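This report refers to the structure that appears directly beneath it.
Quick caveat: nothing in here was measured; it's all calculated off a predicted structure. Below, chain A is the first sequence line, B the second, and so on; all start at residue 1.
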Amino acid sequence: MSLPVRVRFAPSPTGYLHVGGARTALFNWLYARHTGGKFILRVEDTDKARNTAEAVQVIYDGMRWLGLDWDEGPLVGGDCGPYFQSEREAVYQRYFDKLKDAGFLYDDGGAWRFRFARELVEVDDMICGKVPFDFRVLEITPDMTIRRPDGSWIFHFVNVVDDIEMGITHVIRGEDHLSNTPKHLQLYRALGVEPPRFGHIPLILNKDGSKMSKRDQGASVASYMEGGYVPAAVRNYLCLLGWSPKDDREKLELDEIVRLFEPSKINRKAAQFDIEKCNWLNWQYLVAMSLDEFTDAALPFIEKAGILYGTRAALLPVLALVKEKIKQLPETPNWLPYFFTEEFPFDPDAAEKLRKPGALETLAALRDGYASLPEWTAAALEAKLKELATARGVKAGELVHPARAAVSGRSVGPSLYHMLEVLGRERVLARMAGAWEQFAQ
RNA sequence: GACCCUAUCGUCCAGCGGUUAGGACACCGCCCUUUCACGGCGGAUACACGGGUUCGAAUCCCGUUAGGGUCGCCA
């Protein structure tokens, strides 16, 4: 009855992958996986000027990063290749001759135009429903050029020809193409081919409602790759822009999304991109990571910051400690320095804590208590500190704050007792003594 | 300008003729707490406007307004 689904993503290699394009690819991919169909990648590189190997690589990298594997296309091959438009000249020529012989084309100053049928054309869209277009008035729908005087091809023509040749059954693309669709429909009819089903997804806007362009924050997939985002989180967030499982769930496993995805359920309203929410979802994925996964993900940032952590074995307990504080991977190194060097600076806030009257005396008392502590564990460290606080008639905070400042140079950080445990007795006692020397005057 | 799409908290997403209009991000307050976070509890904030249809409209229809898209020898 209905053919197996074949969908495609057909980007132009411009040197970067826009999140809007990525979402289009994602929705196509989801539909293919949902239906058990094929997802095809086709590179629309008819504009030779910007077609470079690097630009194509950006597309591959972005798609791979998001986990959007293609069943046919560059690198993987397929029965309908080549998958670069620049290599399909003969195909286009064949279709061109067909249209020309049938009398649909005419020469206009060297360029070739396709003569539209002057009638009403209705697009039956999977997402937008039936949308009427009127081609009866020539002035507002001039015949479209499909070939330039230099022999090169225009997008509308090659796009349709390739979709025919590649057996595309469903075209899911950006809403900016909705108004182009009746033109494409006319081409299909002239060629005597049954058109695919179309589904036009709304565009992604900036948070303030303006158009999202290259320069805008978060517009490029590469920015997420470089920013240490979890690919699954970005993918998840993109899914939620215009689509939902309808039951208020937000963090969803991919197979669950594949199972539930339905193009007709895609929202018709343009969505505004909220990086804050994307960050929150990304954090949800970070929290869900095991220590090993987290370490692998954070390592590039730790190394880039030049943190001399020694071995992975030395790093693990520290990351286990600070993991809960980290909202974004790139900030990881900020939590680490004092674990791996004695040359850490004192923040103004921390210094102030040590200059408070009596701070150094309580610190000294704590140091003495800790020096003789039989067991160096977080629990024992906590018990001792509280015992001393009680003995001195002060709140625990009176001891905690100077201690934290003395051993880390910071006023904020992870749980003090666990931090002391990881630091070890030797370093803790030395740093407490050092703080006394540095701040007593 | 013409044509097309869209319109629920600031944002994303529910809601499809009868709901105290729900959830999430962000925001505010309280609690927890050694800090910052986390977490828990609570709060403020929305059906763009005007007409219909209906016993009854966020939900259906028509206008207006606003936003977006398309009108290329770009893709």
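Comparing the same atom, P, in B:G10 and in B:C47 gives a spacing of 8 Å after rounding to whole Å. Separating the P atom of B:U8 from that of B:C3 is a span of 24 Å, rounded to the nearest Å. To the nearest whole angstrom, the two C1' atoms, one in B:U20 and one in B:G43, are 16 Å apart. Atom C1' of B:C16 sits at a distance of 12 Å from the matching atom of B:A57, rounded to the whole Å. Taking atom P in both B:G72 and B:G18, one finds a spacing of 46 Å when rounded to whole Å.
Side chain of A:Arg235 to main chain of A:Arg23: no donor-acceptor pair is present (N/O by atom type, distance under 3.5 Å, no hydrogens or angles).
Residue A:Ser244 places at least one side-chain N or O under 4.0 Å from the OP1 or OP2 atom of B:A14. Side-chain nitrogen and oxygen atoms of A:Thr145 include at least one within less than 4.0 Å of the OP1 or OP2 phosphate oxygen of B:C73. Neither OP1 nor OP2 of B:G23 sits under 4.0 Å from any side-chain N or O of A:Arg249. Within the 4.0 Å cut-off from OP1 or OP2 of B:A26, not a single side-chain nitrogen or oxygen of A:Asn279 is found. For A:Lys246, a side-chain nitrogen or oxygen approaches OP1 or OP2 of B:A14 to under 4.0 Å. Checking the phosphate oxygens (OP1, OP2) of B:G68, no side-chain nitrogen or oxygen of A:Lys269 falls inside 4.0 Å. Phosphate proximity of B:G72 to A:Arg148: absent, as no side-chain N or O sits under 4.0 Å from OP1 or OP2. At the phosphate of B:A75, OP1 or OP2 sits under 4.0 Å from a side-chain N or O atom of A:Thr46. Of the side-chain N and O atoms in A:Lys353, none sit less than 4.0 angstrom from OP1 or OP2 of B:U34.
A cation-pi contact, defined as under 6.0 Å to the ring centre and within 45° of the axis, links A:Lys251 to A:Tyr285. Taking the centre and axis of the six-membered ring of A:Trp112, the NZ or CZ atom of A:Arg147 falls outside the cone set by 45° and 6.0 Å.
The partner of B:C60, taking Watson-Crick or G-U wobble pairs whose two distances both stay under 3.5 Å, is B:G52. Across every strand in view, B:A24 sits in a pair with B:U11 that passes the Watson-Crick or G-U test at under 3.5 angstrom. Across every strand in view, B:U19 sits unpaired, with no contact that passes the Watson-Crick or G-U test at under 3.5 angstrom. With both pairing distances under 3.5 Å, B:C41 is matched to B:G29 as a Watson-Crick or G-U wobble pair. Pair assignment for B:A46 gives none, since no Watson-Crick or G-U wobble pairing has each distance under 3.5 Å. Pair assignment for B:C71 gives B:G1, based on Watson-Crick or G-U wobble hydrogen-bonding distances that are each under 3.5 Å. The partner of B:U34, taking Watson-Crick or G-U wobble pairs whose two distances both stay under 3.5 Å, does not exist in any strand shown.
In the set B:A24, B:C73, B:C3, B:A24 carries the atom at the smallest distance from any side-chain atom of A:Lys277.
Judged purely by distance below 3.5 Å, without hydrogens or angles, the side chains of A:Thr141 and A:Arg118 pair a donor atom with an acceptor atom.
Taking the six-membered ring where tryptophan is involved, the planes of A:His34 and A:Tyr31 are essentially parallel, since the angle between them stays under 30° and well short of 60°. Relative orientation of the A:His184 and A:His177 rings is tilted, given thresholds of 30° and 60° on the angle between their planes.
Taking atom CE on A:Met419 and atom C1' on B:C36, their separation rounds to 12 Å, with Å as the unit. The distance from atom NE2 of A:His156 to atom P of B:A75 is 8 Å, rounded to the nearest whole Å.
Each of A:Trp283 and A:Tyr237 has a nearest nucleotide on RNA chain B; the 5'-most of these lies closest to A:Tyr237. Residues A:Glu139 and A:Glu276 both approach RNA chain B. Their nearest nucleotides, taken by heavy-atom distance, put A:Glu276 toward the 5′ side.
Shown here, B:C55 is classed anti by the O4'-C1'-N9-C4 or O4'-C1'-N1-C2 angle, which is more than 90° from 0.
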